[in-house]
Amino acid sequence: MIQAPRGTFDILPESAARRKVVEEQAEKILSAAGYRRIETPAIEATELFARGVGEGTDIVRKEMYTFDDGGGRSLTLRPEGTAPVCRAYLEHGMHKLAQPVKLWYLSTFFRSEAPQRGRYRQFWQVGAEAIGSPAPETDAELIVLLAELLDGLGVRHDRLRLASLGTPATRAEYREELRRFLRAHEDELAEEVRNRIDLNPLRAFDADDRRTRAVMRDAPKLLDRLDPADAEHFAQVRALLDDAGISYELDPTLVRGLDYYTRTVFEFTSDELGAQSGVGGGGRYDGLIELLDGPATPAVGWAAGVERMLLVARDLAPRAELVDLFVALGQREATRAGFELAREARRAGLQAQLELAGRSLKGQLKHADRIGARFVAIVGNGNGRVSLKDMESGEQRELGPSDVIPAILRGGRL
RNA sequence: GUGGGCGUAGCUCAGCUGGUAGAGCUCCUGGUUGUGGUCCAGGCGGUCGUGGGUUCGAGUCCCAUCGCUCACCCCA
C-alpha cells in the first residue's frame with residue numbers, strides 16, 4: 001500500500017479544525033499589532049538558503065531537499081521562512097515602504113531529518129518578521145506577541161530563554177576565545193565535547209558530563225563580551241520585557257542554528273515536548289538583507305512550530321460544527337425535491353446536508369442524529385408536503401415546501 | 001547515519017507453553033408494510049507489515065527486510 005512519505009502526515013478533518021484555531025489566534029494577535037500576512041513559494045533558488053541561512057549550518061549541509069528544475073537551475077524546498085521573506089522584501093522594493101515592514105506567515109517547510117516526536121520532514125510554522133527597524137522595542141514587541149500567541153493557545157511554555165549574540169565580529173572573537181579556553185582544559189572535558197571544539201564550541205555549555213560542567217562554570221560568557229552598543233540594546237529589550245511582566249532566563253548557551261542572527265535571540269521551550277523542547281524562537285538578523293545584496297537593513301523575527309504547539313496546547317477545543325438541516329428522503333423519487341430543498345437552505349445561510357448514501361429512513365434519522373442535525377426534513381410523503389422534525393424535542397410537523405426554511409430560520413420550537 | 005520499542009479488521013486491542021484468527025468501537029441492515037438517541041440480532045471488514053526458514057502444521061519460534069515510533073545529532 002502506498003503510504004505518505006516518511007516524516008509527512010495527512011491533516012485529517014479533526015486535526016484541521018485544531019489547526020484552524022491556531023491560525024485564527026495568530027491572525028488575531030499579529031494583525032492587532034499591524035503585522036500583515038505574506039506567503040512565499042514553497043520552492044526557492046538554492047542559493048537563497050546557501051547564502052541566507054549559511055553554508056556551515058546543518059540545514060544547508062544535510063537537510064535540504066534540492067533538485068534541478070530541468071533547466072540547470074538548482075531549486076530547494078524551503079527549509080525555513082526568514083530568508084524567503086527577506087527575498088520578497090527586496091524583490092518587491094519594500095524598503096521604500098514605511099519601515100519597519102511587519103509580516104507574518106503560516107506555511108509548510110521541509111527538512112530531510114530523521115522524524116520523531118514534534119519533528120517532521122514537512123512541517124508547519126507560524127512566523128513573524130519586522131524588517132527595517134533597529135529599535136529594541138521591535139525585539140521586545142515580537143517576543144511579547146509570541147508569548148501572547150502561546151498563552152492564548154494554552155501552550156505551556158515553561159521557559160523563555162533569552163540572550164544576545166552581539167555582532168558577528170564579537171561572536172567570532174568570542175568563539176575563538178572560547179575555543180582557546182576549551183583547548184586549555186581539553187583533558188578535563190568529555191570526549192563528545194572535545195570532538196566538537198572546532199565545530200560547535202558553544203555546545204560545551206550544555207554537556208551533561210560532571211567534569212565538563214565544572215570547567216564550564218569558569219568559561220568566558222558571550223554576554224560579558226558584548227560591545228557597549230549591543231549591551232545597551234539588550235538592556236533595553238530586557239527592560240521592556242520586565243515592564244511587560246514577561247519572565248525569562250538569561251541563557252549564555254542559547255545557540256540558534258542559523259548563521260544570520262545578531263544581537264537578540266530567544267526561544268520558548270516546553271518540557272512536555274521530549275527531546276524537541278523548542279516550541280518557537282527567533283531573534284534579530286541585522287546582516288541578512290545585506291547578505292542577499294540588499295541595503296543594510298536591521299530586522300527581527302521568530303517562528304513557532306505548529307505541530308509542537310498542538311502537542312502542548314490546552315485551550316484548543318474547536319467549536320463543534322453546526323448542522324442546521326438534514327434532508328431525508330421518504331421515497332427515492334423525492335430525490336429532486338430534496339436536492340432543491342437543500343440548495344435553498346444553503347442559499348438562506350443554513351448548513352444543510354442531503355442523504356447521499358441510499359440509507360433506509362431509519363438509517364437516515366440515525367445518521368442525522370450522529371452528525372448533530374438540529375432539524376430533519378423528510379421529503380417524499382406522497383402528498384407533496386414535508387415533515388420537519390426537531391431532533392432535540394422530537395416534535396414533528398407537516399409543512400408546505402416553502403414553509404420549511406422559514407420555520408428553521410425562526411430557529412425555535414416548531 | 002546509529003541504538004531501543006513496536007507492527008493482528010477503518011480505530012483500540014486480545015490471541016497462554018506452535019494446531020490454519022477474535023472482542024469492543026465505527027459503519028450498514030433488521031427488530032410494525034416510513035422516523036434518531038438506549039437495547040437486541042445479523043452483516044460488511046484481516047494474504048496476522050513483507051520475504052525466507054524450522055515444523056506434519058506458525059499470528060505464535062528463527063533470520064532478513066520494510067514501515068512506524070522514541071532517543072542520539074540538530075532543530076520548529
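Each chain gets a letter, A, B and so on, in the order its sequence line appears, and its residues count up from 1.
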Nearest-angstrom distance, [atom1] atom, [N] to [M]:
N	M	atom1	answer
B:C11	B:C27	P	15 Å
B:U69	B:C25	C1'	24 Å
B:C28	B:A64	P	46 Å
B:C13	B:G59	C1'	14 Å
B:U65	B:A9	P	24 Å
B:G43	B:G5	C1'	38 Å
B:U2	B:C61	P	26 Å
B:G7	B:G46	C1'	14 Å

A:F326-A:F375 aromatic ring centre distance below 6.0 Å: no
Does [X] put a side-chain nitrogen or oxygen below 4.0 Å from OP1 or OP2 of [N]?
X	N	value
A:S360	B:U35	no
A:Q116	B:U69	no
A:R370	B:G37	no
A:R359	B:U35	no

Quick one: does [X]'s side chain get under 4.5 Å of [Y]'s, heavy atoms only?
X	Y	value
A:K221	A:M216	no
A:Q364	A:H367	no
A:T262	A:T167	no

Which part of the nucleic acid, if any, lies within reach of [X] when heavy atoms closer than 4.0 Å are counted: base, sugar-phosphate only, or nothing?
X	answer
A:G127	nothing
A:Y120	base
A:A114	base
A:Q364	nothing
A:R308	base

In whole angstroms, how far is the [atom2] atom of [N] from the [atom1] atom of [X]?
X	N	atom1	atom2	value
A:K389	B:G34	NZ	C1'	11 Å
A:E80	B:C74	CD	P	19 Å
A:L365	B:G37	CG	P	9 Å
A:I371	B:C27	CD1	C1'	15 Å
A:D58	B:C72	CG	C1'	13 Å
A:E395	B:U35	CD	C1'	15 Å
A:R121	B:G67	CZ	C1'	13 Å
A:F326	B:G34	CZ	C1'	15 Å

[X] has a side chain; which of [options] sits nearest to it?
X	options	answer
A:R6	B:G37, B:G34, B:C68	B:C68
A:R117	B:A76, B:C70, B:C72	B:C70
A:R119	B:C75, B:G36, B:U35	B:C75

For the residue pair A:Y285 and A:Y261, does the interplanar ring angle fall in the parallel (under 30°), tilted (30 to 60°) or perpendicular (over 60°) class? perpendicular
State the pairing partner of [N]; accept Watson-Crick or G-U wobble contacts with both distances under 3.5 Å, and report none otherwise.
N	answer
B:A76	none
B:G22	B:C13
B:G43	B:C27
B:U2	B:A71

Salt-bridge contact A:E249-A:R159 (side-chain N to carboxylate O under 4.0 Å): yes
Would you call A:E176 and A:R179 a salt bridge, using N to O less than 4.0 angstrom? yes
If you assign each of A:Q125 and A:K366 to its closest nucleotide in RNA chain B, which residue comes earlier from the 5' end? A:K366
Walking RNA chain B from its 5' end, the first of A:G363 and A:G394 to be reached, judged by nearest nucleotide, is A:G363
Report yes or no: is the cationic atom of A:R78 (NZ for Lys, CZ for Arg) closer than 6.0 Å to the six-membered ring centre of A:F109, at no more than 45° off its axis? yes
I'd like to check, for A:F123, whether its ring lies over the base of B:A76 with centroids under 5.5 Å apart and a plane angle smaller than 30°. yes
Is there a donor on the side chain of A:K362 or the base of B:G31 sitting less than 3.5 Å from an acceptor on the other? yes
